[in-house]
Amino acid sequence: MKPRVRFAPSPTGPLHIGGARTALFNWLFARHHGGTFVLRIEDTDLERSTKEFEQSILDGMTWMGLTWDDELVYQTQRMPLYKDHVQKLLDEGKAYRCSCTPEELETKRKAALAAGQKPKYDGKCRKNPPPASTPAAIRFKAPEMGTTTFHDICRGTISFENSELDDLIIARSDGTPTYNFTVVVDDVTMKMTHIIRGDDHLNNTPRQVLLYQAFNYPIPEFAHLPMIYGPDRKKLSKRHGATSVFEYKDMGFLPSAMMNYLARLGWSSGDQEIFTIEELIEKFDLNQVGSTPAIFDLEKLRWVNSQHLAKYSVADLVNLTRPFLQQLGVALTDQTYAERAIASERERGKTLKELAEASAFYFRDEIVFDPTAAEKWLNPEGKKILTTLRDRLGTLNDWNVDVIKAIFDALGKDMGLKMVNLAQPVRVAMTGTTVSPGIYEVLAILGKERTLKRIARALA
RNA sequence: GUCCCCAUCGUCUAGUGGCCAAGGACACUACCCUUUCACGGUAGGAACACGGGUUCGAAUCCCGUUGGGGACGCCA
C-alpha cells in the first residue's frame, strides 16, 4: 500500500525551521515510497490565522522545493464533517456538554499546579450535565481506567495510564472543533497511513488514539520526530535568532542545502554528509530516523551550503548571486566580466550573501576603503609602490596574469621588497580591504583601465 | 509538581551483543601550500552521564539514579 502522509501547519506564523523539517521528512517519506504528500491548513483558530501567513507558508514550501499533491485541505471548509462527528459521539453517549467557564477552569488549573498536581478536568459536568438551554462546550468522555498503548516508528511502544488523561474539549461553546478532534477526523477521512510530526505531539497521541477507538476507526502508524533545539537545548524559537525559512533564504542559503542539512538532523545514511535531493529521496526512510533531539548548528549549515555551491557552474552562480549583489546596490551588466569575478571569489563565500559581499568590489565604481587597511598599507611607503607600479603597468599592451606577475616580480626586485609588502597596498587600492583572490588575478580581471583608475584614487 | 520522551566527542552522527583500546563530518588547534584571505592537504585534542544487573562477552539488553527536554489551553 502506498503511504499517504500530510503536513498540517496552522497559518499563525511563517514557515519555521522546525515545521520545514517536519514537512521535509513527510515529503521525503512520500517521495521515497511513491506515496502521496498532502497539505492541510489547520485554520480553526480564527483569532490568529491569517491568509498572509498561509501564503507565506506556501511560499516557504515552494522555495524549499517541497511540492505537495492534491488540493489544499482547509479545516474551516470541513465544519459539517466535524459537526457530524461531534453529534455522533453525543448520540452515543461518548461526549457531553460542559458549561464550566474558562475562568472557572483556569482557577482550578492554577490551584492544581500550585498543589503539585497534574491539572485535570474534574468532571463536574460529566456528573451533572447542564440544562440544554445554557451555552456549552462539548467534552469527550474519556475512559477513567485502563491503559492506552500505541506504536511509534521512532520510539517503539508507548503507553499512558488513562487516569492521567482527562475529558478534553472537542468543540468550543461557539461550536468550532478543537485540534485533537479535527486532527483525528481529518487524518481518518483523508486516509492518512502515517502520522509524521514533531515530538511535542507525543502527549496528544493517547487522547487521539482514544478518539480513534471511540469512532472505531483504524489507527495509523505514528512517527514522532525528535525536536530541533537552540544552543540552549530549548525548543527552537524566536529568541534563538532566525527561525523562518525565508530568513535563511535571505542569508543566501540554497534550498538544496537547507534540505540536506535539515535531513541530517535526526536522520543519517552511513558516513555520508552531502546529498543531492535525488539521493535524499532514494536513501531516506523512517527506520533510520533517530530519537535524540538535535541542536541547530549554523556553522555546519554554512559548510553544507558551501558544498552545494561548489557544484554549480559559474554562469549559474552569477545568476544565483545577482539578487544579493543588487541588494548591495550593484548591478551586473557585463556577463563575461561577472563570471570571471564570481569565479575568482567562489571559494571565499559559504553563502550567496557572503559571495556577493566578497565580490562587490569588482563592480563598484568607487570602492569603499576599510580604515584600518588604508591606514596600514596606503602610507607613504605604499603610495611610493603604487606610483611606481602605475608607471610600469601603464606601459603594458597585453594584460593578463603572466605579464602582471612579471611586473610585480621586477618591481619587488628593484625595490628590495617582499611580495607581501608589494601586494597588500595594491590589494587595498583595488578592493578596499586586505582580503581578496590572488592580486595578479584581481588585476587581470579588473582590466587595465579600472586598475589604473583605482591606483590613482588610492594615491589621491 | 505530574506524566511522557531522550541520553556516544563542543555540535550533527555511525554503532542494532563479539569486526570498537568507539568511526565519519562540522567546529577548534598545529603544520604544509602561499602575495592576503579562503580552498585544498596532513596531523592533533575531543565522547559511550553514573550505578547495578543479564551474558563467556555490553556503547549496544534490563533496572535504578542523575541530567535534559516536552506536554499538562474553549492554541495548534
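Nothing here was measured: the structure is a model prediction, and the numbers come from that model.
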Nearest-angstrom distance, [atom1] atom, [N] to [M]:
N: B:A59; M: B:U42; atom1: C1'; result: 30 Å
N: B:C56; M: B:C50; atom1: P; result: 25 Å
N: B:C28; M: B:G18; atom1: P; result: 36 Å
N: B:U60; M: B:A14; atom1: C1'; result: 13 Å
N: B:C37; M: B:A22; atom1: P; result: 36 Å
N: B:G67; M: B:A27; atom1: C1'; result: 25 Å
N: B:A30; M: B:C5; atom1: C1'; result: 42 Å
N: B:C63; M: B:C4; atom1: P; result: 13 Å

Nucleotide [N], atom [atom2] - distance to [atom1] of [X] in whole Å:
X: A:Tyr229; N: B:U13; atom1: OH; atom2: P; value: 12 Å
X: A:Leu225; N: B:A71; atom1: CG; atom2: C1'; value: 17 Å
X: A:Arg264; N: B:A14; atom1: CZ; atom2: C1'; value: 9 Å
X: A:Asp122; N: B:C72; atom1: CG; atom2: P; value: 19 Å
X: A:Lys110; N: B:C72; atom1: NZ; atom2: C1'; value: 15 Å
X: A:Lys118; N: B:G70; atom1: NZ; atom2: C1'; value: 11 Å
X: A:His224; N: B:A71; atom1: NE2; atom2: C1'; value: 11 Å
X: A:Met227; N: B:G70; atom1: CE; atom2: P; value: 6 Å

List the steps, then state whether side-chain contact (heavy atoms from CB on, under 4.5 Å) holds for A:Ile153 with A:Glu221.
CA-CA 7 Å; A:Ile153 295 173; A:Glu221 279 286 319; 3.3 Å; yes

Which is it for A:Phe296 and A:Tyr248 under the ring pair (Phe, Tyr, Trp, His ring centres under 6.0 Å) test, yes or no, and what are the steps along the way?
CA-CA 13 Å; A:Phe296 190 84; A:Tyr248 289 87; 5.6 Å; yes

Could you go over nucleotides 32-38 of chain B and give all protein N or O partners under 3.5 Å, atom names and distances?
residue, atom, partner, partner atom, Å
B:U35, O2, A:Arg427, NH1, 3.4
B:U35, O2, A:Arg427, NH2, 2.8
B:U35, N3, A:Ile439, N, 3.2
B:U36, O2', A:Thr434, O, 3.1
B:U36, N1, A:Arg427, NH1, 3.3
B:U36, O2, A:Arg427, NE, 3.4
B:U36, O2, A:Thr434, O, 3.1
B:U36, O2, A:Ser436, N, 3.0
B:U36, O2, A:Ser436, O, 3.3
B:U36, N3, A:Arg427, NH2, 3.1
B:U36, N3, A:Ser436, O, 2.4
B:U36, O4, A:Ser436, O, 3.3
B:U36, O4, A:Pro437, O, 3.4
B:U36, O4, A:Gly438, N, 3.1
B:C37, O2, A:Arg348, NH1, 2.8
B:C37, N3, A:Arg348, NH1, 2.6
B:A38, O2', A:Glu347, O, 2.4

Using a heavy-atom cut-off of under 4.0 Å over every strand shown, decide if A:Lys418 touches base, sugar-phosphate, or nothing.
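If one applies the 4.0 Å heavy-atom cut-off, A:Lys418 turns out to touch nothing in the nucleic acid.
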
With a non-hydrogen cut-off below 4.0 angstrom, is A:Glu164 in contact with a base, only sugar-phosphate, or nothing?
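Sugar-phosphate contact only.
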
Give the B/S/- string for nucleotides 62-67 of chain B, one per nucleotide from 5' to 3', where a protein heavy atom under 4.0 Å of the base yields B, of only the sugar-phosphate yields S, and otherwise -.
------

Flag if over 12 foreign heavy atoms under 6.0 Å of NZ, A:Lys110:
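12 or below, so no.
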
Looking at A:Glu375, I'd like to know if its CD atom is crowded, meaning that more than 12 non-hydrogen atoms belonging to other residues, nucleotides or ligands lie closer than 6.0 Å.
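At most 12 heavy atoms, drawn from other residues, nucleotides or ligands, come within 6.0 Å of this atom.
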
Would you say the side-chain atoms of A:His224 and A:Arg155 include a donor-acceptor pair closer than 3.5 Å?
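No, A:Arg155 and A:His224 have no side-chain donor paired with an acceptor closer than 3.5 Å.
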
Please step through side-chain contact (heavy atoms from CB on, under 4.5 Å) for the pair A:Phe181 and A:Val86, ending with a clear verdict.
CA-CA 9 Å; A:Phe181 186 75; A:Val86 170; 3.5 Å; yes

Kindly list each side-chain donor-acceptor pair under 3.5 angstrom involving residues 405-417 of chain A, sequence neighbours excluded, with atom names and distances?
residue, atom, partner, partner atom, Å
A:Lys405, NZ, A:Asp409, OD2, 2.9
A:Asp414, OD2, A:Arg392, NH1, 2.8
A:Asp414, OD2, A:Arg392, NH2, 2.9

Face-on cation placement of A:Arg21 at A:Phe25 ring, 6.0 Å and 45° thresholds
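Yes; both conditions hold, so A:Arg21 lies above the ring face of A:Phe25.
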
I want to check a possible cation-pi pair here: A:Arg139 against A:Tyr121, using under 6.0 Å from ring centre and within 45° of the ring axis as the test.
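Geometry flag: set, cation within 6.0 Å and 45°.
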
Using Watson-Crick or G-U wobble geometry with both distances under 3.5 Å, which nucleotide pairs with [N]?
N: B:C74; result: none
N: B:C31; result: B:G41
N: B:U55; result: none
N: B:U36; result: none
N: B:U11; result: B:A25
N: B:A46; result: none

Given the structure, check if the side chain of A:Glu273 and the base of B:G24 hold any donor-acceptor pair shorter than 3.5 Å.
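In this structure, the two groups form a donor-acceptor pair.
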
side-chain contact (heavy atoms from CB on, under 4.5 Å) against A:Ala263, all qualifying residues, sequence neighbours excluded
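side-chain contact (heavy atoms from CB on, under 4.5 Å) check on A:Ala263 returns A:Leu24, A:Leu28, A:Trp267, A:Leu280.
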
At a cut-off of 3.5 Å, list every protein nitrogen or oxygen paired with a nitrogen or oxygen from nucleotides 4-6 of chain B, distance to 0.1 Å.
residue, atom, partner, partner atom, Å
B:C5, O2', A:Arg155, NH1, 2.5

Every protein N/O within reach of nucleotides 73-76 of chain B N/O, cut-off under 3.5 Å:
residue, atom, partner, partner atom, Å
B:G73, OP2, A:Arg109, NH1, 3.0
B:C74, O3', A:Arg172, NE, 3.4
B:C74, O2, A:Ser173, N, 3.0
B:C74, O2, A:Ser173, OG, 2.9
B:C74, N3, A:Ser173, OG, 2.7
B:C74, N4, A:Cys100, O, 2.7
B:C75, OP2, A:Arg172, NE, 2.1
B:C75, OP2, A:Arg172, NH2, 2.8
B:C75, O3', A:Arg172, NH2, 3.0
B:C75, O2', A:Asp45, OD2, 2.6
B:C75, O2', A:Arg48, NH2, 3.0
B:C75, O2, A:Arg48, NH2, 3.4
B:A76, OP1, A:Thr44, OG1, 2.7
B:A76, OP1, A:Arg172, NH2, 2.5
B:A76, OP2, A:Arg172, NH2, 3.1
B:A76, OP2, A:Tyr179, N, 3.0
B:A76, O3', A:Glu42, OE1, 2.8
B:A76, O2', A:Ser10, OG, 3.4
B:A76, N6, A:Asn204, OD1, 3.4
B:A76, N6, A:Asn204, ND2, 3.4
B:A76, N1, A:Asn204, ND2, 3.4

Distance check: side-chain N/O of A:Lys235 vs OP1/OP2 of B:A71, anything under 4.0 Å?
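Yes, because at least one side-chain N or O of A:Lys235 sits under 4.0 Å from OP1 or OP2 of B:A71.
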
